[in-house]
Amino acid sequence: MKVLAAAAVAFVALGTVAACGDSKDSGTGSDNGSAPAAKKNVKVGLAFDIGGRGDKSFNDSAAAGLDRVKSDLNLEVKDLAAVAGETENDKYSRLKLLCTSGYNPVIAVGFVYDGADAKNGPLARAAKDCPNTKFAIVDGGTQADNVADLTFAEEQGSYLVGVAAALKSKKGTVGFIGGCQVDLIKKFEAGFTAGAKATKPDIKVLSNYLSTPAEACKGFNDPAGGKTAASGMYDQGADIVYAAAGGSGTGVFEAAKDKKALAIGVDSDQYNTVTDASLKPVIMTSMLKRVDNAVFNFVKDFAAGNFKAGATVFDLKVDGVGYATSGGQVDDIKDKLDAAKADIVSGKVTVPTK
């Protein structure tokens with residue numbers, strides 16, 4: 001419980017600890033149909049995945065959504081960071097702390113909050129303990145009457161950047177690096193490979209995962225590991241590497257710079273979020289996963305009195321995923337990428353998830 005000590009002190013200082021599921025925080029809309037911003041008693045809690053704010057990728061996209069909640073909806077927000085190597089009980093305690101401190105809704109960022117068994121994992125336990133609090137999980141599968149699962153068609157966005165990689169590759173070899181060997185990240189790989197091979201059937205796709213669940217998926221926050229893996233792929237002939245590895249992507253970009261090659265970012269538009277400007281030229285595009293929109297829209301709906309338990313999928317039809325054009329390196333193939341998108345949206349192309 002050392003992980004949560006500092007957070008607990010901060011919450012005591014707030015002096016607003018309330019019973020879990022306080023009726024004032026039920027999320028019911030006002031009678032006059034006023035905008036969500038008028039509902040001042042809504043307090044939004046968010047628990048980050050490993051890497052937290054500053055990962056320039058997945059967590060930062062969630063953070064951007066929470067920041068919009070604060071600025072655009074004028075609601076009180078609180079976020080808590082995860083710590084590398086923490087236990088499932090730490091994750092449960094973080095969610096429970098937000099709940100019992102009067103935050104409703106509470107958003108869990110990342111499948112790690114499902115735990116090894118989604119029926120009895122950190123979020124399932126917190127949702128059971130706080131039945132009147134509404135929860136959301138990004139990329140999760142916990143099923144409960146008070147849990148909304150915000151999921152994405154990552155394979156569709158990855159298909160588009162796979163098309164881009166095949167069109168831009170001069171060597172006929174590209175690479176994929178995943179942060180952790182789990183089904184979710186395999187969706188990224190499946191879509192990327194499908195897009196690349198649909199464009200160039202003979203293209204070679206290298207693949208590498210930085211960690212496994214047994215290693216607590218530490219590969220999402222391992223820039224050094226990302227750099228080593230990417231360097232190996234460039235040495236094997238790849239000239240473009242797609243990294244679906246959270247904070248480890250920075251290491252992939254560094255390897256691309258060293259090898260005078262290109263890379264593809266993920267989740268956020270990493271051309272714009274990377275802190276080292278010298279890395280911008282190697283970021284050809286990024287697969288956009290609009291976690292920010294999912295977080296913002298979930299809270300906006302909740303504040304208006306609308307909550308939907310179960311899965312909501314953010315796909316290409318609703319621009320839940322896509323690709324970035326910052327830097328201009330895919331401007332010359334944008335027509336082809338948009339045509340591929342149209343084929344997916346229309347159902348002409350079904351992108352595999354495995």
Side-chain angles (χ1 to χ4, degrees), residues 47-52 55 57-62 65 82 88 91 107-119 121-124 135-143 147-162 176-195 205 207-222 225-226 229 242-249 252 264-268 270 286-295 298 310-316 320-322 350-354:
F48 283 118
D49 198 350
I50 299 300
D55 73 346
S57 185
F58 178 65
N59 285 285
D60 272 356
S61 185
E88 286 195 8
K91 294 176 176 62
I107 302 167
V109 181
F111 64 85
V112 292
Y113 287 94
D114 277 338
D117 176 8
K119 293 182 178 180
L123 178 55
F135 292 85
I137 180 169
V138 178
D139 287 345
T142 296
Q143 296 181 5
V147 176
D149 297 309
L150 310 179
T151 62
F152 297 80
E154 295 93 352
E155 73 280 2
Q156 294 182 355
S158 296
Y159 183 98
L160 297 183
V161 297
F176 172 84
I177 293 176
C180 189
Q181 197 167 13
V182 293
D183 288 344
L184 174 65
I185 305 303
K186 290 178 182 178
K187 288 173 62 181
F188 290 79
E189 180 187 6
F192 178 72
T193 300
V205 182
S207 177
N208 194 344
Y209 286 84
L210 301 179
S211 64
T212 66
E215 299 170 298
C217 290
K218 64 180 182 179
F220 287 120
N221 192 30
D222 182 12
Y242 173 34
S248 301
V252 176
I264 297 173
V266 74
D267 297 333
S268 300
Q270 295 197 278
S286 295
M287 195 287 278
L288 300 179
K289 181 174 174 178
R290 299 306 303 269
V291 179
D292 55 336
N293 286 345
V295 168
F298 167 76
T312 297
V313 181
F314 296 86
D315 58 13
L316 280 175
V321 293
T350 299
V351 183
T353 58
K354 297 182 179 180

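Hydrogens, waters and symmetry mates play no part in the numbers below; they use all other heavy atoms, side chains included. Note that this is a predicted model, so its numbers are computed, not measured.
Counting only heavy atoms from C-beta outward, the side chains of V109 and F58 approach each other to under 4.5 Å. Side-chain contact check for V138 versus D49: every heavy-atom pair is 4.5 Å or farther apart. For the pair D55 and N221, the minimum side-chain heavy-atom distance is 4.5 Å or more. Side-chain contact between C217 and F111: present, with at least one pair of heavy atoms (C-beta onward) separated by less than 4.5 Å.
To the nearest 0.5 Å, atoms OG1 (T193) and CZ (F176) are separated by 8.0 Å. Rounded to the nearest 0.5 angstrom, T151 OG1 and D315 CG are separated by 9.0 Å. Here the CG atom belonging to N293 is positioned 8.0 Å from the CZ atom belonging to F314, to the nearest 0.5 angstrom. Expressed to the nearest 0.5 Å, how far OG1 of T353 lies from CD of E189 amounts to 12.0 Å. Between the CG atom in D267 and the CG atom in D292 there is a gap of 10.5 Å [rounded to 0.5 Å].
E155 places no side-chain N or O within 3.5 Å of a backbone atom of A190 that could act as its donor or acceptor partner. Under the 3.5 Å distance criterion, the side-chain polar atoms of N59 are matched with a main-chain donor or acceptor of I50. Here the side chain of D114 pairs a donor or acceptor atom with the backbone of G141 at under 3.5 angstrom. With S286 contributing its side chain and Q270 its backbone, the two residues share a donor-acceptor pair below 3.5 Å. At distances below 3.5 Å, at least one donor-acceptor pair connects side-chain atoms of K187 with backbone N or O atoms of F152.
Annotation: ring-ring contact (aromatic ring centres under 6.0 Å, His included) contacts of F188 (sequence neighbours excluded): none.
In this structure, Q143 places its CD atom where only 12 or fewer heavy-atom neighbours from other residues, nucleotides or ligands lie under 6.0 Å away.
In this structure, C180 and Y209 approach most closely via the heavy-atom pair O-CD2, 3.4 Å. Residues M287 and I264 share a closest heavy-atom pair of N-CG2, 4.3 Å. Considering every non-hydrogen atom in both A243 and G249, the closest pair reads CB-CA, 4.3 Å. Between G179 and S211, the shortest heavy-atom contact is O-OG, 2.7 Å. Across A244 and V266, no two heavy atoms sit closer than the pair CA-CG1, 4.0 Å. The shortest non-hydrogen separation linking A229 to L210 is CB-CD2, 3.7 Å.
Side-chain atoms of S248 and D222 include no donor-acceptor pair closer than 3.5 Å.
Aromatic ring pairs are classed by plane angle as parallel below 30°, tilted from 30° to 60° and perpendicular above 60°; the pair F192 and Y242 is tilted.
D139 and K289 are joined by a salt bridge, as a carboxylate oxygen and a charged side-chain nitrogen come within less than 4.0 angstrom of each other.
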